[in-house]
Peer 1: 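Okay, here's the structure, questions in a sec.
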Amino acid sequence: MMESQQEPKVTIPPLIPLKYSNRVMLKTILECGDDEIGLFGKTVVVGGWVKSSKEVKREPVVAALKPPTAAEAFPPSPGPKELSCVEVVQSRIPFFKKFIRVFGVSSDSYPGVREKFESVPKPPPPPSKFFLQINDGSSISSLMVVIDSAIVPVSAGHVLPTGTCILAQGVLEKSSAHGKQTIELKVEKILHIGTVEPDTYPLSRKRLPLDSLRDYPHIRPRTTTVASMTRIRDTLDFAAHTFFHNHGFLHVQVPIITTIDSEGFNEKFQVTTSKKWGFGSGADADARHETVKAEQHIEARDKSKLGTGVKPEVKEDFFGRQSYLSVSGRLHLESYACALGNVYSFGPRFRAEKTGSIKQVAEMWVVEVEMAFSQLEDSMKCAEDCFKFLCKWILDHCPQDMKFVTKRIDKTIVHRLEYMISISYERISYREAVDILRKVTDKTFETKLRWGVPLTAEHLSYLADDHYKRPVIIYDYPKAVKPFYVRLNDDGKTVAAFDMVVPKMGTVITGSQSEERLDMLSARMKEFDLSRDQYEWYQDLRKHGTVKHSGFSLGFDLMVLLMTGLTDVRDVVPFPRTHGKANN
């Protein structure tokens with residue numbers, strides 16, 4: 001006896017509306033894979049913005065012709081038919097129009113003639129079908145939404161152009177179009193339409209270049225590229241927190257406003273409530289501007305008398321002393337690492353350098369790490385593990401977006417990330433790096449290389465891209481090119497600092513072991529001409545239970561740049577701030 005064959009069981013994926021907006025995310029419809037057939041016939045509410053639209057007008061239905069019967073072919077002679085007044089007028093309209101044209105009669109000469117013609121009822125326009133591709137930002141793909149004006153009334157002339165916001169209820173059906181999409185929504189009810197002005201909407205034109213989109217940071221998230229980047233950025237954010245939580249780190253929020261110069265090499269943004277900076281306009285503004293210039297000159301003169309290591313307090317200002325937007329939070333993190341062990345922070349850092357670099361803006365987000373009972377080797381190992389974890393997390397959790405990036409932006413991005421996950425990274429000292437670069441004969445560097453000067457982006461690129469062809473960790477830098485708090489090595493010339501350089505990107509992570517010896521730290525502060533009073537709290541950490549500790553800073557925006565294959569950091573920062581430009 002033959003066993004009866006059972007039909008394959010169809011899995012129906014859950015379509016759970018969002019708790020706070022009572023709609024279904026398009027991602028749950030478009031990315032359900034083979035279970036899509038189980039969605040057919042489901043009634044859902046979806047919302048999104050129109051990516052493209054098409055209107056198809058249907059011709060009036062004409063009855064099919066069939067052979068006439070004898071009665072139809074030879075009907076009895078009908079009697080005279082009575083016509084209504086409206087029908088008589090309609091039958092004479094062509095004659096009246098021709099009469100007016102021939103004799104040059106103006107309708108203005110006979111008031112009411114045009115009105116009577118126009119008052120004759122016109123037949124309703126034929127029904128149309130609207131085919132809309134809508135996207136709500138949850139997926140790289142868009143959903144086809146079909147609106148039949150015969151079923152769902154649409155305002156006359158309402159073409160629903162690109163950029164229109166729509167919220168609709170309908171039934172999911174198998175797509176009638178022959179294309180990549182296999183599912184569409186047949187609309188039963190329109191719940192909301194947010195109109196758009198096509199003439200002024202920036203995205204009415206297709207494929208607006210990224211550099212043009214920077215002028216519209218409030219609109220560009222609706223583009224496929226920026227939306228994909230944003231989802232990757234969000235996933236990378238979650239991955240960073242996941243890595244540190246998995247390894248027992250505590251998240252600590254460090255201040256954005258600070259009174260210390262933690263790096264010593266960067267231009268800083270000064271924070272002030274002083275009204276002298278509000279120049280306004282007109283003659284008064286010019287006068288105030290000249291006053292400020294004079295005050296700055298006096299302040300500079302007084303500062304030279306006091307010595308460059310002492311900065312005069314601004315007692316009338318909000319904080320009573322000079323304050324800045326933070327360049328780095330690692331010094332503040334040290335105080336918590338020296339009490340809680342391993343800690344990290346995640347936030348914006350600010351640099352007022354007027355640079356034209358495509359990899360730096362004034363405000364950039366940074367992941368900063370500090371570990372107690374840890375030395376330089378531990379910090380380098382943690383940085384490498386963190387970097388690999390982030391690369392793998394993106395490949396595992398953003399398959400659709402990475403497919404888009406591979407197709408549209410960088411065909412080798414997935415291969416590069418997989419390669420960097422699977423290999424070990426090269427570690428060389430600063431001295432070894434200089435020796436390698438000095439032996440290069442097939443390339444001329446713009447900056448003359450000698451021991452003791454910083455390695456430029458050109459030098460680092462050669463080491464990672466051309467020489468080793470993999471990420472390189474360079475350590476033991478000359479003490480003059482690193483901050484004052486980095487631990488001095490036994491040779492007295494170098495410090496325990498490192499940079500991680502990645503092919504096609506440059507430096508992504510910088511780290512160091514901090515100086516835990518009070519006498520050494522005090523000597524370094526004197527070399528940098530720093531105020532002892534200003535850093536008294538920092539020195540206290542060496543007086544009371546000092547411990548070896550190390551950490552690093554990871555450029556989060558640069559990691560997003562690496563993952564997306566883009567080249568300009570302004571395209572991966574939601575609202576980039578650069579010299580002379582701070583839109584929105």
Side-chain angles (χ1 to χ4, degrees), residues 25-28 30-31 48-49 51 135-142 203 207-211 213-214 216-246 346-348 358-361 363-367 383 385-422 471 500 502-509 554-576:
M25 278 200 308
L26 296 186
K27 179 179 181 178
T28 60
L30 299 169
E31 298 183 10
W49 288 263
K51 303 282 285 186
N135 191 285
D136 66 354
S138 64
S139 172
I140 198 75
S141 303
S142 299
L203 305 184
R207 294 288 184 92
L208 202 63
L210 288 173
D211 56 347
L213 285 174
R214 294 172 199 148
Y216 309 99
H218 56 299
I219 296 292
R220 67 177 182 171
R222 299 186 189 182
T223 64
T224 306
T225 299
V226 177
S228 179
M229 177 278 299
T230 304
R231 287 188 293 270
I232 292 174
R233 184 184 181 95
D234 171 73
T235 304
L236 196 65
D237 182 317
F238 184 82
H241 288 288
T242 300
F243 174 82
F244 292 111
H245 285 170
N246 289 349
F346 186 17
I358 61 175
K359 294 178 182 176
Q360 183 177 325
V361 290
E363 177 185 355
M364 297 187 72
W365 281 66
V366 180
V367 179
D385 290 346
C386 179
F387 180 83
K388 290 182 177 180
F389 179 89
L390 297 180
C391 292
K392 189 175 188 306
W393 189 277
I394 290 298
L395 293 179
D396 291 343
H397 293 82
C398 297
Q400 297 301 323
D401 287 304
M402 292 308 296
K403 185 183 296 183
F404 169 80
V405 170
T406 301
K407 181 180 179 181
R408 292 284 187 88
I409 303 174
D410 188 343
K411 298 184 184 301
T412 65
I413 183 64
V414 172
H415 173 73
R416 289 209 317 273
L417 294 179
E418 291 175 339
Y419 176 69
M420 289 190 290
I421 294 169
S422 62
M500 179 185 288
V502 177
K504 294 185 178 295
M505 181 51 57
T507 303
V508 176
I509 299 176
L554 180 148
F556 182 77
D557 297 313
L558 297 180
M559 283 296 296
V560 179
L561 202 64
L562 174 66
M563 301 296 177
T564 57
L566 297 169
T567 56
D568 197 313
V569 74
R570 291 175 292 179
D571 298 324
V572 301
V573 174
F575 294 92

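In this chain, numbering begins with 1 at the start of the sequence shown. Because the structure is predicted, anything quoted here is derived from the model rather than measured.
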Peer 1: Within the structure provided, determine whether Leu566 and Val560 are in side-chain contact (heavy-atom separation under 4.5 Å).
Peer 2: no
Peer 1: Can you name the closest pair of heavy atoms from Arg220 and Val226 and give their distance?
Peer 2: O-CB, 3.2 Å
Peer 1: Do Met364 and Leu558 have side chains that get closer than 4.5 Å, going by heavy atoms?
Peer 2: yes
Peer 1: Does atom NE2 of His415 have more than 12 heavy-atom neighbours from other groups under 6.0 Å away?
Peer 2: no
Peer 1: Under 4.5 Å between any side-chain heavy atoms of Trp365 and Asp237, yes or no?
Peer 2: no
Peer 1: Which class fits the ring pair His241 and His245: parallel under 30°, tilted 30 to 60°, perpendicular over 60°?
Peer 2: tilted
Peer 1: Are any of the side-chain nitrogens in Lys504 or Asp410 under 4.0 Å away from the carboxylate oxygens of its partner?
Peer 2: no
Peer 1: Please say whether more than 12 non-hydrogen atoms of neighbouring residues, nucleotides or ligands are located less than 6.0 Å from NZ in Lys392.
Peer 2: no
Peer 1: Ile413 and Leu562: which non-hydrogen atoms are nearest, and at how many Å?
Peer 2: CD1-O, 3.1 Å
Peer 1: Any donor-acceptor pair under 3.5 Å linking the side chain of Thr564 with the backbone of Met229?
Peer 2: no
Peer 1: Looking at every non-hydrogen atom in both residues, tell me the closest pair between Met559 and Leu236 and how far apart they are.
Peer 2: CB-CD2, 3.6 Å
Peer 1: Without swapping roles, check the side chain of Asn135 against the backbone of Ser141 for a donor-acceptor pair under 3.5 Å.
Peer 2: yes
Peer 1: Flag the pair Arg233 and Asp557 as a salt bridge only when some basic side-chain nitrogen lies within less than 4.0 angstrom of an acidic carboxylate oxygen.
Peer 2: yes
Peer 1: Between the side chain of Arg231 and the main-chain N/O of Gly137, is any donor-acceptor distance below 3.5 Å?
Peer 2: yes
Peer 1: Considering only heavy atoms from C-beta outward, does the side chain of Leu213 approach that of Thr225 to under 4.5 Å?
Peer 2: no
Peer 1: Take a 6.0 Å sphere around CZ of Phe575 and say whether it holds more than 12 heavy atoms from other residues, nucleotides or ligands.
Peer 2: yes
Peer 1: I'd like to know whether Leu210 forms a side-chain contact (heavy atoms from CB on, under 4.5 Å) with Asp568, so could you lay out the CA-CA distance, the side-chain angles of the two residues, the decisive distance to 0.1 Å, and finally the verdict.
Peer 2: CA-CA 9 Å; Leu210 288 173; Asp568 197 313; over 6 Å; no
Peer 1: Can you give me the closest heavy-atom contact between Arg222 and Lys51, atom names plus distance?
Peer 2: O-NZ, 2.8 Å
Peer 1: Which heavy atom of Pro503 sits nearest to which heavy atom of Met420, and what is that distance?
Peer 2: CD-SD, 4.5 Å
Peer 1: Please report the shortest heavy-atom distance between Ala239 and Phe389, naming the atom on each side.
Peer 2: O-CE2, 3.4 Å
Peer 1: Using the side-chain contact (heavy atoms from CB on, under 4.5 Å) rule, take Val502 and Phe387 through it: C-alpha gap first, then chi angles, then the decisive distance, then the call.
Peer 2: CA-CA 10 Å; Val502 177; Phe387 180 83; 3.8 Å; yes
